[in-house]
Each structure stands twice: as C-alpha cells, then as structure tokens.
K.L.:
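After the structure tokens below, expect a handful of questions from me.
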Amino acid sequence: MMSLSLIVQFLLASSAAAIDIPPTPTWPSGRCTDKSLTIPSWTIKDYVVKRGVATFQVENRASTSNDCCAFIKCSPGKENCDGSAGSSGKTVTWKKGADGNNVISVTEFWYCSDEGDRTIFTASGSTAITSCDGDDCVSPITYLAQGGLTLPVPLTPAQPSPPVGYDAPTCAKVGEDQWEVSGVEYKNYTKSQCKKWYIPEEICVDSNNSNFLSKGQYLSLNVTNNAISHTVKCGFTPSYNNYNLPAILRCTGGKFNEITLDVSWSGAAPNFNLKVEQLWYCLENPKTNVNPTVIVASGSSAIPLKCTSTPGITGTADDVVTICTDTASSRSIDGKQTAKQTLPPFSLITAYPVHGGCTFDSIINPTFYYRGMFFETYPYPVDNPNSATLKRFTAGLTGPGFQDFFFYENKAISGEGINTTYTCAVYYDGKPKDQHYNCTYALNPHTKVITQEKAWPCSDKNPKQPLYFTGTGKFDWSVDPYSTCYNSATASNPSVYCYWHDDMATLQPGVPYDISKVQASLVNILPPDLGQPTVKSAGVSSSSDTVRVNKEWKLVSQAK
C-alpha cells in the first residue's frame with residue numbers, strides 16, 4: 001500500500017505547473033553593427049515566376065536602411081538580375097543549381113554608423129528555391145539566405161542548429177505510444193553504506209570507501225520521444241542533504257531551442273508511477289511553412305518493477321537496501337498535448353541577440369591599454385644615446401580579446417640599441433604551440449614610445465573558425481605625465497629609469513591608446529620559435545585578410 005507521504009508527493013507532481021515555453025530571443029530594432037557581425041543574411045519573399053521570368057523581394061536583415069527591400073527581376077540567360085532603386089549596393093544572380101532547383105545569390109555592400117564611425121560591410125549568401133519550380137509558379141514560403149562577410153573581416157558567423165527531429169514527418173504527432181521508456185532502475189538506501197565516518201554523511205573512512213553509497217533514492221531510465229526519435233538518459237543520484245527524488249526531475253533542456261524533459265516518479269516498491277512531460281520543436285510542412293512551432297505534451301503510466309530488499313552494510317535493522325529493476329525491455333506511454341505555440345520565421349536558425357564582444361571590439365574600437373609601465377636601461381655612451389638597451393622592463397597590456405597580459409624584458413629577436421625588438425610571447429604556459437599568439441615590442445627610452453605588435457584570437461562569432469587579429473603601432477607613454485624618471489650611472493655613461501604611478505597607469509584597465517593598424521586573418525601567425533635563431537619571418541597575407549588603417553577596413557590587397 002502506498003504511504004501517505006508518497007501519495008502527497010504524487011499528487012504534487014501531478015498538479016505541478018507544466019513546462020514553461022521559453023521566450024523566443026528577438027533582435028531589437030537598430031543595432032546595425034551587431035546584426036551585421038552576427039546575422040548577415042537576407043530574406044527572399046514574394047517569389048513568383050511568370051513565363052520564365054522571376055520576380056521577388058530581397059531584404060537585408062542586418063542593415064538599418066529605411067528602404068523596406070529591393071524588388072528584383074531575373075530573366076533567363078541574363079547573368080545579373082535587375083533591381084529597383086532599393087537594390088543599390090546589391091548584386092543578385094539567379095541560376096539553376098546542380099540539383100535542379102534555382103539558386104538566388106546575393107552580394108551586398110552597406111555601412112553601419114550606429115557605433116559612431118561608419119563601418120563598411122560586404123557580404124554574400126545564397127539560397128535554393130525549393131517550393132516553386134517551372135516557368136509559371138508562386139512560392140508559398142519566404143527563404144533565408146545566410147551570409148558570410150568579406151569586409152570588415154572575413155567572417156561567416158555560426159548560426160544555431162535546429163534541435164533533433166524538428167523536420168521529421170512525425171514531429172507534430174502527439175498521442176498513442178508517444179514515449180518509450182527503457183532501462184528503468186530504482187534504488188533506495190535507508191542508511192548510507194558506511195560503517196565509520198570521519199564527517200557524518202560527508203567523508204567515510206571505511207576501507208571500501210571507494211564503494212561508498214549515500215543514503216537516499218536513486219533513479220535511472222531512458223525516455224525516447226518516438227515523434228522525433230530522440231532519447232534522453234535521465235537519472236538522480238542523492239548527495240549530502242539531498243537524498244530524495246524531487247517532485248519534478250529536470251532531465252535536460254530548459255532554454256530556447258533545447259528539447260526539455262521532466263519526469264515525476266512516485267509510488268512505493270514494487271508499484272511505481274511515472275509521469276513524462278516534454279517540450280520539443282517542429283517545422284511542420286516545410287514546403288509551405290517557415291514558422292516553427294513548439295509543442296509541450298505529457299503522459300503517465302504505472303511502472304511495476306521487480307524489487308528485492310536486503311540488509312545494508314551496517315547490519316542494523318533500519319539499514320535496508322531496496323533495488324528494483326524492470327523485467328520489461330521497454331514500456332510505452334501515450335501523450336496528450338498541453339501547449340503549442342507558433343514561433344517567428346527562422347527563429348531556430350538565427351543567432352541570439354548580442355551586443356559587443358571580442359570581434360566587435362576588435363573591429364569598431366580596437367584599443368590597447370597599458371598599465372604598470374616601468375623600464376631601466378643599461379648605461380650607454382653619452383655620445384651614442386641610440387645604443388641604449390633595456391636592462392629591466394615590465395608593462396601590462398590589455399586589448400580587445402585579452403585581459404592583463406603582463407610582459408617583461410625578454411629575448412631580443414632583432415635590431416640593436418633602441419631599435420632592439422623583443423618577444424613578449426608566453427611560451428611556458430602549457431598550451432599547444434598553435435595556441436600561442438605573436439607579441440613583440442621595442443622601446444625608445446628617450447621618447448618613451450613603445451612600438452608594439454600583438455596578436456589575439458576572437459571566436460565569439462564562430463568557435464570553429466576563429467578570427468586572428470594583429471594590432472601594431474607606436475604608443476607614446478609620455479602622454480601620461482605622471483611618471484618619475486631619473487638618470488643613473490655616471491655622466492659619461494648614463495642610464496634611464498622610469499615608472500608611472502598615477503591611478504590610470506596602475507589600475508585596470510590602464511591608459512588607453514587607439515591601435516593605428518589592425519589586421520584580421522583566418523590564419524594564426526605564430527610567434528618566433530625561440531628554439532631557432534634570429535628573426536620571425538613575416539606572415540604571408542591571404543586574399544581574404546583585411547586591414548584597418550585610419551579607422552577604415554579594407555582588403556589587404558586593396559590597401560597596399
């Protein structure tokens with residue numbers, strides 16, 4: 001007979017609120033720069049073919065142009081399509097693809113000025129027309145052409161993948177045999193399996209401590225949603241002060257674009273009950289629909305198990321171990337739909353709204369911050385001040401994609417005297433060689449100007465294909481007047497000693513300097529190999545590399 005506490009637990013689980021449908025992330029109006037770096041893309045709508053001539057509208061999802069869209073007309077045998085006044089800056093082509101579907105390709109040039117300086121963007125993308133074939137047809141759906149940038153940087157931002165099973169023909173099916181439950185195992189230990197405690201219920205000092213098991217309920221099972229052929233392994237393991245199964249056990253998910261599964265377990269050995277509640281996403285009828293839906297359904301079933309109870313490790317009467325398994329290989333649970341909601345078009349394959357980040361900062365306002373600056377030179381002949389070299393040096397450097405990079409006087413790799421170039425790359429951090437980034441500097445102690453080159457990666461837009469930025473320039477530390485400098489050694493062989501002591505130069509992030517030149521590449525140019533003699537060879541630019549000079553981004557090939 002089910003105990004009163006378990007009956008209450010089951011009633012609470014049965015009456016608990018359903019899974020909440022997560023809100024759909026939506027991009028706010030404006031934010032041209034963020035959108036252009038994150039979702040460069042176009043929608044193709046009102047696609048119609050008459051007597052072999054195609055007409056449609058193209059709208060840039062990133063640009064904040066006041067024009068709604070460009071009206072495009074494409075004729076067979078003509079390389080480029082014609083466009084309305086709103087198509088300025090766009091090149092559109094319409095060609096038959098290898099699979100027989102027509103393919104629309106868009107290349108567009110636009111700019112954003114929402115962040116102050118005008119930033120020029122150039123991107124290209126394409127999409128296949130799948131719901132309109134022949135010389136006379138009307139497409140019932142809108143299409144999305146995802147894009148990749150060539151300016152200001154070579155970047156194809158990653159977009160989220162839709163969840164498993166979203167386009168399965170049975171995706172929206174809710175009803176008989178909705179779920180298959182297998183591998184069910186339930187355990188209950190009335191006392192923790194330990195004879196001698198160092199700290200009760202926390203640290204066991206038995207010789208078999210490796211086999212220590214906490215008191216409480218254990219549950220494991222597999223739940224397969226047959227509509228989307230998706231399986232979740234769900235389980236609960238007790239821990240200190242958390243010994244009993246929660247009324248609702250979250251197995252997975254909870255965020256937008258995630259399949260979410262909750263289970264509720266109730267009853268007493270050997271007769272248990274299982275309630276399943278799940279949220280998943282569907283694109284129903286993709287030939288005629290681009291609006292995905294989110295579905296929530298639930299179902300429950302009795303789960304009789306085969307149970308055995310044995311004395312626990314302590315041998316006391318209140319130490320009982322109950323282990324229950326399912327003799328059936330699997331059990332079916334019918335489902336009932338509890339909620340359904342239509343989502344905006346393409347919301348499952350659109351990157352979430354963001355502002356700023358490593359790539360954004362590296363493009364829009366690339367800045368170096370110096371702090372903790374200090375240097376001392378070796379004595380040099382008074383008649384040859386250019387022979388001064390560093391005896392001691394330290395500086396902290398922060399940039400768009402890195403924080404508090406402190407570097408010191410290191411091995412010289414080229415030059416002599418005040419033109420000596422040192423490496424400031426870190427080699428002994430335990431990271432693989434390809435995760436090291438070039439860093440060099442030279443310091444003129446008389447003018448207090450540091451010539452710096454520093455590389456950094458940004459992977460916030462596409463973790464699988466990071467961008468590698470290199471900032472170079474001359475940075476005049478003397479613009480911060482709060483430094484103490486003095487000459488040492490002898491009058492005939494002086495040396496210079498300087499350090500900065502104001503708050504801006506000692507506190508984070510430091511003294512800001514615009515980076516005069518920034519280059520972006522898909523290839524990481526490694527720092528010099530200190531195991532080999534002499535100078536780092538210059539990196540070879542690829543055709544996709546871009547460079548920012550005088551606050552304007554261009555292809556390297558165009559900037560030369």
Side-chain angles (χ1 to χ4, degrees), residues 39-62 69-83 87 90-108 122-150 154-173 227-230 257 281-293 343-351 462 464-465 522 544:
I39 55 166
S41 52
W42 300 265
T43 53
I44 313 295
K45 59 183 180 181
D46 297 338
Y47 180 87
V48 178
V49 181
K50 290 184 179 180
R51 297 186 182 92
V53 176
T55 59
F56 48 89
Q57 296 181 40
V58 178
E59 184 171 5
N60 187 326
R61 295 205 301 166
C69 37
F71 294 86
I72 305 296
K73 179 180 178 181
C74 304
S75 302
K78 190 173 181 180
E79 183 175 356
N80 292 335
C81 301
D82 299 319
S87 64
K90 293 183 179 69
T91 300
V92 181
T93 62
W94 179 65
K95 297 179 181 179
K96 189 74 72 175
D99 59 359
N101 290 323
N102 283 311
V103 175
I104 295 174
S105 299
V106 182
T107 297
E108 186 171 359
T122 302
S124 299
S126 62
T127 186
I129 304 300
T130 56
S131 296
C132 184
D133 191 21
D135 291 340
D136 291 279
C137 62
V138 177
S139 175
I141 63 173
T142 299
Y143 299 88
L144 176 65
Q146 302 278 23
L149 297 169
T150 52
L155 170 67
T156 300
Q159 306 299 311
S161 299
V164 174
Y166 88 109
D167 57 352
T170 58
C171 182
K173 175 184 176 294
I228 55 176
S229 301
H230 180 259
N257 205 12
Y281 295 86
C282 280
L283 180 62
E284 302 176 72
N285 307 314
K287 285 284 187 179
T288 58
N289 171 48
V290 293
N291 289 83
T293 55
L343 305 180
F346 313 117
S347 53
L348 296 178
I349 53 173
T350 297
N462 189 345
K464 293 183 178 180
Q465 179 55 79
L522 296 174
S544 63

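All of these numbers come straight from a predicted model, not from anything done at the bench. One is the number of the first residue; the rest follow in order along the sequence.
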K.L.:
Could you tell me whether Lys464 atom NZ has more than 12 heavy atoms of other residues or ligands within 6.0 Å of it?
P.N.:
no

K.L.:
Please find the pair of heavy atoms, one from Val58 and one from Cys69, that lie closest to each other, and give the distance.
P.N.:
O-CB, 3.2 Å

K.L.:
Counting C-beta onward and ignoring hydrogens, is there a side-chain heavy-atom pair between Ile129 and Tyr47 closer than 4.5 Å?
P.N.:
yes

K.L.:
Would you confirm whether Tyr281, through its side chain, and Asn257, through its main-chain N or O, come within 3.5 Å as a donor-acceptor pair?
P.N.:
yes

K.L.:
Do Leu348 and Pro163 come within less than 4.5 Å of each other through their side chains, counting heavy atoms only?
P.N.:
yes

K.L.:
Report yes if some heavy atom in the side chain of Phe56 is under 4.5 Å from a heavy atom in the side chain of Asp46; otherwise report no.
P.N.:
no

K.L.:
Is any side-chain heavy atom of Lys287 closer than 4.5 Å to a side-chain heavy atom of Thr130?
P.N.:
yes

K.L.:
Does a side-chain heavy-atom distance below 4.5 Å link Val164 with Ile228?
P.N.:
no

K.L.:
Dump the intermediate steps for side chain to side chain contact (heavy atoms under 4.5 Å, CB included) on Leu144 and Thr127, then the final yes or no.
P.N.:
CA-CA 7 Å; Leu144 176 65; Thr127 186; 5.9 Å; no

K.L.:
Please check: side-chain N/O of Glu108 versus main-chain N/O of Lys90, any donor-acceptor pairing under 3.5 Å?
P.N.:
no

K.L.:
Report the C-alpha distance between Thr293 and Glu284 in whole Å, list the side-chain angles of each, state the deciding distance to 0.1 Å, and finish with yes or no for side chain to side chain donor-acceptor pair (under 3.5 Å).
P.N.:
CA-CA 8 Å; Thr293 55; Glu284 302 176 72; 3.1 Å; yes

K.L.:
Please give me the minimum heavy-atom distance between Ala123 and Pro40, naming the atom from each residue.
P.N.:
CB-CB, 4.4 Å

K.L.:
Write down the atom of Pro76, the atom of Val53, and the distance for their closest heavy-atom approach.
P.N.:
CD-CG2, 4.4 Å

K.L.:
Do Lys95 and Val103 have side-chain heavy atoms sitting under 4.5 Å apart?
P.N.:
no

K.L.:
Between Asn80 and Thr93, is a side chain to side chain contact (heavy atoms under 4.5 Å, CB included) present by the stated rule, with each step listed?
P.N.:
CA-CA 5 Å; Asn80 292 335; Thr93 62; 3.4 Å; yes

K.L.:
Do the side chains of Leu522 and Ser544 get nearer than 4.5 Å, heavy atoms only?
P.N.:
yes

K.L.:
When you compare the side chain of Trp94 with that of Asn102, does any pair of heavy atoms fall below 4.5 Å?
P.N.:
yes

K.L.:
For residues Pro286 and Ile141, report the shortest heavy-atom separation together with the two atoms involved.
P.N.:
O-CD1, 3.8 Å

K.L.:
Would Val49 and Cys132 satisfy side chain to side chain contact (heavy atoms under 4.5 Å, CB included), going step by step from the backbone distance to the final call?
P.N.:
CA-CA 8 Å; Val49 181; Cys132 184; 4.3 Å; yes

K.L.:
Could you grab the distance from atom CD of Glu59 to atom CH2 of Trp42, nearest 0.5 Å is fine?
P.N.:
12.5 Å

K.L.:
Given side chain to side chain contact (heavy atoms under 4.5 Å, CB included), test Phe71 with Thr55 step by step and report yes or no.
P.N.:
CA-CA 7 Å; Phe71 294 86; Thr55 59; over 6 Å; no

K.L.:
Return the minimal non-hydrogen interatomic distance between Gln146 and Ser41, and the atom names on each side.
P.N.:
OE1-CB, 3.8 Å

K.L.:
To the nearest 0.5 Å, tell me how far Asn291 CG sits from Leu343 CG.
P.N.:
8.0 Å

K.L.:
Please find the pair of heavy atoms, one from Asp136 and one from Lys50, that lie closest to each other, and give the distance.
P.N.:
OD1-CA, 3.4 Å

